[in-house]
Amino acid sequence: MKKIIAVIALIVISAFLFGGVVEMRNQDGGGFGNPVETEMDEYFLENSQDHNQVNNVVTAVLFDYRGLDTLGEATVLFSAVSGVLTVLRKTISSKEGEE
Amino acid sequence: MMLYYILQVLILIGLVSTAAAVIWFKDLISAAIALGASSLILALQFYLLRAPDVAIAEAAVGAALTTAIFIFAIKSTDRTEGYK
Amino acid sequence: MNVKMSVVVRTVADIMVVPIVVFGIYLILHGHLTPGGGFQGGAVVASSTALLIVAHGAMKDNKTDLSNMESTGLTLFFLLAMVGLIMGFSLFYNSLAGTGGIFGGTVSGINPGYINTGGTIPLMNIVVGMEVIAALSLILWMMAKRSGSLEVEK
């Protein structure tokens, strides 16, 4: 019974994924590899060099237009390091055992 | 242009086979190294899709740092998969 | 416990660390001109730390320095974000671009490769690179030390 449910779930999920890929290839004016242009794309590409004197538009979006997202990313990295240091620090019992 | 498509097909075959090898290996260090190889092939795919900054990040983090962290973690636990 | 590798591996690691670190610093400093940036360059520099730890298996106790470096990076990043607010614009506004100060050169149109441009963006790249180097090195250092493959020199 469990196996039949797993096979049915596999078929349904893979049908969704294949359908998504086929749908992605056949969009009007876009498709996979040729995304539809929006107003924000054109605004960034046209104005980022004049606003920032920067060639790399990715960096301009990352640090200027969407800077708050990068601040959150840096905070996530900081809390990841805090978590690693908290988990792996020497506790009292292991210190007694080792030294 | 023909070379581009041949390269795409080769990269897809390598990506799927290394990802299957990660699941297939019972030795966890072999699995970690296969995961690093998969990341390296994925970085090549990112470079071919014209995202060189993502390719640099994927190669540095996926192939170097994640493999090292996995191997350090495997070293302090068991090397083979499964219960004894 | 002897955790260092053979003399061939150690010599090659010592030689290869130099170009890896130089390439990472290049990626950080040229982040506003070429593909790359703070996170990518920091990850490349941190991979040289992985190479050194795996090859030598011994390192000085620099956990406090790395921790201070990471906290300094995050704090300076937020202060650089506040510069736009202090100058009278919004948060993260690039208010130093084109003002003539450090990294404040002016270029009309396509930048032909002048590094002295970009306003706060190169400064933010440097600061984020500092934070990423310290964070990833600290994770590697701690994992290696607790798994027994790193001897800490006093």
Side-chain angles (χ1 to χ4, degrees), chain B residues 4 7-8 11 14-15 18-19 21-22 25-84, chain C residues 1 3 5 9 13 16-17 19-21 23-57 59 121 125 128-129 132-151:
Chain B
Y4 182 76
L7 210 55
Q8 293 271 334
I11 284 172
L15 200 55
T18 47
V22 173
F25 280 136
K26 293 292 178 194
D27 186 5
L28 287 178
I29 286 187
S30 306
I33 290 173
L35 191 63
S38 177
S39 287
L40 210 59
I41 297 173
L42 192 61
L44 184 58
Q45 178 65 56
F46 279 136
Y47 180 72
L48 285 179
L49 290 178
R50 297 176 191 175
D53 43 353
V54 187
I56 295 168
E58 179 74 31
V61 173
L65 291 174
T66 314
T67 312
I69 290 177
F70 267 126
I71 287 176
F72 287 146
I74 290 165
K75 207 180 161 193
S76 48
T77 54
D78 282 340
R79 186 169 168 168
T80 49
E81 188 184 1
Y83 298 104
K84 284 176 185 172
Chain C
M1 191 170 57
V3 288
M5 298 182 81
V9 179
M16 282 307 289
V17 157
I20 291 174
V21 171
F23 181 62
I25 291 174
Y26 162 78
L27 280 181
I28 292 174
L29 285 183
H30 287 246
H32 57 298
L33 299 174
T34 53
F39 185 79
Q40 285 89 356
V44 170
V45 175
S47 70
S48 77
T49 311
L51 185 62
L52 278 182
I53 287 175
V54 169
H56 286 269
M59 203 177 249
I121 289 178
N125 267 325
V128 169
V132 171
I133 291 170
L136 296 178
S137 303
L138 200 53
I139 290 178
L140 270 171
W141 197 84
M142 208 66 198
M143 293 285 288
K145 188 182 151 202
R146 299 300 282 170
S147 73
S149 50
L150 176 70
E151 283 177 359

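Just so it is clear, the structure is predicted and the values come from calculations on it, not from any experiment.
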Q) What's the verdict on side-chain contact (heavy atoms from CB on, under 4.5 Å) for C:Phe39 and B:Asp53, showing C-alpha distance, side-chain angles and the deciding distance? A) CA-CA 10 Å; C:Phe39 185 79; B:Asp53 43 353; over 6 Å; no
Q: Please tell me if the side chains of B:Phe72 and C:Leu150 come closer than 4.5 Å, counting only heavy atoms from C-beta onward.
A: no
Q. What part of C:Leu51 is in contact with chain B, defined as an atom under 4.5 angstrom from a non-hydrogen atom: side chain, backbone, both or neither?
A. neither
Q. If you measure from CG on B:Leu65 to OG1 on C:Thr49, what distance do you get to the nearest 0.5 Å?
A. 8.5 Å
Q.
With chain C as the partner, which of B:Ala55, B:Ala64, B:Ala57 has the greatest number of non-hydrogen pairs under 4.5 Å?
A. B:Ala57
Q: Over all heavy atoms of both residues, which pair between B:Val61 and C:Ala43 is shortest? Give the atoms and the distance, please.
A: CG2-CB, 3.8 Å
Q: Could you check which of C:Ala144, C:Pro35, C:Gly36 has the highest count of heavy-atom pairs closer than 4.5 Å to chain B?
A: C:Ala144
Q. B:Lys75 and C:Ser149: which non-hydrogen atoms are nearest, and at how many Å?
A. NZ-CB, 3.0 Å
Q) Quick one: what part of C:Val44 sits under 4.5 Å from any heavy atom of chain B, side chain, backbone, both or neither? A) both
Q. Passes side-chain contact (heavy atoms from CB on, under 4.5 Å), B:Ser76 versus C:Arg146? Steps please.
A. CA-CA 8 Å; B:Ser76 48; C:Arg146 299 300 282 170; over 6 Å; no
**Q.** Nearest non-hydrogen partners of B:Ala68 and C:Leu140, listed with the distance
**A.** CB-CD2, 3.9 Å
